[in-house]
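Scope of the values below: all heavy atoms of this structure, side chains included, with no hydrogens, waters or symmetry mates. Small disclaimer: the values here were computed from a predicted structure and weren't measured. Read the numbers this way: they start at 1 and go in the same order the structure lists the ligands and their atoms.
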Amino acid sequence: MPILEVKSVTKKFPTPKGEVIAVNNVSFSANSGEVLGILGPNGAGKTTTLRMIATIYRPDSGEVLVDGIDAVKNPLEVRKRIAYMTQEPDLTPPLSVRDYIIYYFRFRGFSKRDAKKHCEDILELFGLKTHAHKKPFQLSTGLKRRVQLACALSSDVPLVFLDEPTAGVDPRSKRKTWELIKEKLEDKGVTVILTSHDLYEVEYLADRVIIMNQGKIVAEGSPKELKKRFGKTVRIVLEEPIKNFELLKEELLRVKNVKDVRLARDDSFDVYFKSLDDSINGILQVISPQELKIKDIFTATANFEDVYLEIIER
Ligand SMILES: Nc1ncnc2c1ncn2[C@@H]1O[C@H](COP(=O)(O)OP(=O)(O)O)[C@@H](O)[C@H]1O
Ligand SMILES: [Mg+2]
């Protein structure tokens with residue numbers, strides 16, 4: 001059974017300009033031990049979706065099941081099974097890092113003694129020992145985020161939400177965060193729902209990805225599958241500038257599996273194939289009779305960002 005099932009969930013907000021459908025009939029599920037990435041531009045509905053699963057918002061319609069438990073009917077039971085790292089880097093109440101972590105675990109129902117012991121382990125594991133005495137105003141965004149991450153990932157719950165965990169974090173701390181997430185998740189069956197604007201981060205961490213736009217899911221699959229669907233691009237560089245590109249393009253578009261042809265520079269063009277496995281033989285057969293001399297050929301697989309942008313702009 002999946003640890004999370006979201007079934008036809010919709011959430012609307014009244015605003016002065018009329019009703020906003022933040023999440024529009026969204027369904028997905030997550031399996032135990034999986035990292036599920038949710039991608040999408042600002043306003044796509046990612047945070048609203050997380051908040052409904054986390055029982056902060058009540059869906060207008062649809063159903064959310066966490067570990068088989070209905071999030072609307074039984075929010076307290078669901079809350080015991082989830083940890084939520086929110087997208088804001090604030091630590092409230094403004095305690096020292098050590099006291100904050102102890103407070104967090106006391107809140108989660110740990111005894112004083114267990115919370116203290118757990119806190120020392122976490123400070124060590126997440127490289128926070130030297131910062132343990134600092135108050136929030138003495139911490140960089142990266143460190144605040146790390147404290148929040150440490151709490152969420154150490155909560156010993158089956159479902160963890162990380163809402164933009166590295167937004168505003170410098171590149172080195174980002175790497176550190178990724179390592180910590182990977183390490184921490186390696187041997188446990190914890191499921192993580194991750195939202196991010198960093199496509200590299202999502203590709204690195206997520207087993208599967210959902211792409212949202214305007215409240216709806218517009219694509220779903222592993223980063224690899226999504227890239228595969230996008231196909232292959234070949235750049236052909238000629239010895240001389242191309243005289244009649246439109247004619248060349250017309251002929252190339254007749255070649256099997258060619259999706260698009262675009263001029264790159266005056267002496268080079270890109271051919272977009274439908275799939276990664278397509279052969280470039282056909283395009284060579286178009287080029288050679290025209291007495292165009294090829295200087296170079298590169299094959300480029302689309303990167304995850306290209307794929308994302310294509311899906312969002314479509
Ligand atoms: N509490 C709220 N009141 C009114 N509108 C909201 C509220 N929360 C979110 N929205 C609107 O819902 C849409 C989705 O927002 P959100 O879920 O925060 O998107 P994301 O996290 O993908 O950036 C946006 O149009 C946003 O303005
Ligand atoms: Mg958000």
Visitor: What residues, two or more places apart in sequence or in another chain, satisfy ring pair (Phe, Tyr, Trp, His ring centres under 6.0 Å) together with H131?
Guide: none
Visitor: Check the surroundings of atom NZ in K216: do more than 12 heavy atoms from other residues, nucleotides or ligands lie under 6.0 Å from it?
Guide: no
Visitor: Under 6.0 Å from the ring centre and within 45 degrees of the ring axis: does the NZ or CZ of K144 meet both conditions for the six-membered ring of Y100?
Guide: no
Visitor: Are E250 and R254 ion-paired here, with the side-chain N under 4.0 Å from a carboxylate O?
Guide: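 Between R254 and E250 there is a salt bridge, with a charged N closer than 4.0 Å to a carboxylate O.
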Visitor: List by chain and number: which residues place a heavy atom under 4.0 Å from ligand 1?
Guide: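 Contacts of ligand 1 under 4.0 Å: F13, V20, A22, P41, N42, G43, A44, G45, K46, T47, T48, Y57.
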Visitor: Donor-acceptor pair, S155 side chain versus V157 backbone, under 3.5 Å?
Guide: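 A pair under 3.5 Å: no.
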Visitor: Are more than 12 heavy atoms from other residues, nucleotides or ligands located less than 6.0 Å from atom CD of E77?
Guide: yes
Visitor: Among all residues two or more places apart in sequence or in another chain, which pass the salt bridge (Lys or Arg N to Asp or Glu O under 4.0 Å) test with D163?
Guide: none
Visitor: Would you call E240-K295 a salt bridge at under 4.0 Å N-O?
Guide: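 No, no charged N to carboxylate O under 4.0 Å.
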Visitor: Using 30° and 60° as the class boundaries, would you call the ring planes of F110 and F105 parallel, tilted or perpendicular?
Guide: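 Correct class here is perpendicular.
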Visitor: Taking 2.8 Å as the upper limit, name the protein N, O or S atoms near the Mg ion (ligand 2).
Guide: T47 OG1, Q87 OE1
